[in-house]
*Asks:* 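My structure is below; once you've seen it, I'll send some questions.
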Amino acid sequence: MGMRRPEVPMGNEWLALALPLAVALDFWLGDPPRMPHPVRWMGKAIDILEPRFRGLKLSTTTAGALMTTTLVIGVWLIGVIVVNLANKFNPLAGIAVQAILLFTCISAKDLANAAHKVGKSLSDSGIEAGRREVSMIVGREVDRLDDTGVIRAAVETVAENLVDGVISPIFFAVIGGAPLALAFKMVNTLDSMIGYKNERYLEFGRFAARLDDVVNYVPARLSVPIVALGAKLLNLDWRNVLSVARRDSRLHASPNAGYPEAAFSGALWLWMGGPNYYHGRLVEKPVIGKGLSDAQPAHIENACRLMLTTAVLVYAFAELSILVTRGLS
């Protein structure tokens, strides 16, 4: 009798091995600038396809929705094909491919590095250097920002991108592995490129913007208790996280961004939001954490520590969820 071939782990069992590798790669490497990156390819695909879809004999809104749907489903299908081919080739190849794809969807280290560059440039070279660095990670005009404005912009970016860059991709990875995490990044990339409320994209990007709101709805709200736990581990004010989030999370114009921002505001005792200029126009945004302190250089470091701690907690909860699901199946 021949030796029985060992069973190949499938589904979530693969993910339980791939996810920790992906998180470790992100914390170790960040986003290597010369490495081929799916998100960059997504951006190029949007640039190439936008004029083609605009040229269709459809309403602008319908054309944008069709392009968004095509790209999101297309990226998901490519992810499914690549992962399945790797799985069939070799179990270790399947794990490695999922880990690498998931790694490209997570951006905790890059987010922390970008914020640290803002703080270092501001302290070492002054306001112009700080403005220059923060302009790389925010959409607002930076020419009018003072030191506290630059710091606050960096902290707000860390808070808001905790959801886009960490919680949401891991959340969707738990549900559908690397292919669904890639589909989320496609949605997120579409929103960042065509989800603007300006003359060019108000109609064409409307569906992409709404879809981004939908996919981030649950992860944004999960951010509050996880940030509170991270704050407790770092001896920050976790009770104030819950208090400010309960009071101010719905003040933000975005249905989702107010939750992580309010959570960070409470933990750091830092007010956020307020008026800012976008494309030459003053936008009056409500203040989150009204009455808390103004931004100080230490807030960037504390925000990054809180974001990275929260990222580790998100990974731990995701891994536990995968293992529990595997045990029940």
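Since this is a predicted model, take the numbers as computed values, not measurements.
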*Asks:* R152 and side chain to side chain donor-acceptor pair (under 3.5 Å): which single residue from D147, D146, T157, D294 fits?
*Replies:* D294
*Asks:* State, without any angle test, whether R144 and N276 hold a side-chain donor-acceptor pair at a distance under 3.5 Å.
*Replies:* no
*Asks:* So which heavy atom on A183 is nearest to which on V75, and how close?
*Replies:* N-CG1, 4.0 Å
*Asks:* I want to check something: taking the side chain as every heavy atom from C-beta on, are F264 and L270 in contact at a cut-off of under 4.5 Å?
*Replies:* no
*Asks:* Test of understanding: with salt bridge (Lys or Arg N to Asp or Glu O under 4.0 Å), list the residues that count as partners of E203, not counting sequence neighbours.
*Replies:* none
*Asks:* For residues 106-121, which residue pairs qualify under salt bridge (Lys or Arg N to Asp or Glu O under 4.0 Å), counting only residues two or more places apart or in two chains?
*Replies:* K120-D124
*Asks:* Do the side chain of T62 and the main chain of L58 share a donor and acceptor less than 3.5 angstrom apart?
*Replies:* no
*Asks:* Side chains of V215 and F172, heavy atoms from C-beta outward: is any pair under 4.5 Å?
*Replies:* yes
*Asks:* Does any non-hydrogen side-chain atom of M272 lie less than 4.5 Å from one of K290?
*Replies:* no
*Asks:* Taking only residues two or more places apart in sequence or in another chain, which ones pass salt bridge (Lys or Arg N to Asp or Glu O under 4.0 Å) with D143?
*Replies:* none
*Asks:* Taking R281 first and then E141, would you say they form a salt bridge - that is, a charged N and a carboxylate O separated by under 4.0 Å?
*Replies:* no
*Asks:* Within a radius of less than 6.0 Å around CD of E284, do more than 12 heavy atoms belonging to other residues, nucleotides or ligands occur?
*Replies:* yes
*Asks:* Taking the side chain as every heavy atom from C-beta outward, state whether Q98 and L15 have any atom pair closer than 4.5 Å.
*Replies:* yes
*Asks:* Does R250, at its CZ atom, have more than 12 non-hydrogen atoms belonging to other residues, nucleotides or ligands within less than 6.0 Å?
*Replies:* no
*Asks:* Determine whether I288 and H252 make a side-chain contact, defined as any pair of heavy atoms from C-beta on separated by less than 4.5 Å.
*Replies:* yes
*Asks:* Got P260 and V227 here, is their nearest side-chain heavy-atom distance under 4.5 Å?
*Replies:* no
*Asks:* Is it true that a side-chain atom of N256 and a backbone atom of D213 form a donor plus acceptor pair closer than 3.5 Å?
*Replies:* yes
*Asks:* Looking at side-chain heavy atoms only, is the closest gap between N216 and F184 below 4.5 Å?
*Replies:* yes
*Asks:* Between Y201 and Y196, how do the two ring planes meet: parallel, tilted or perpendicular, split at 30° and 60°?
*Replies:* tilted
*Asks:* Would you confirm whether S321, through its side chain, and F317, through its main-chain N or O, come within 3.5 Å as a donor-acceptor pair?
*Replies:* no
*Asks:* For the pair R132 and E128, find out whether any cationic side-chain nitrogen is under 4.0 Å from an anionic carboxylate oxygen.
*Replies:* no
*Asks:* For the residue pair S107 and V166, establish whether any side-chain heavy-atom pair is separated by less than 4.5 Å.
*Replies:* no
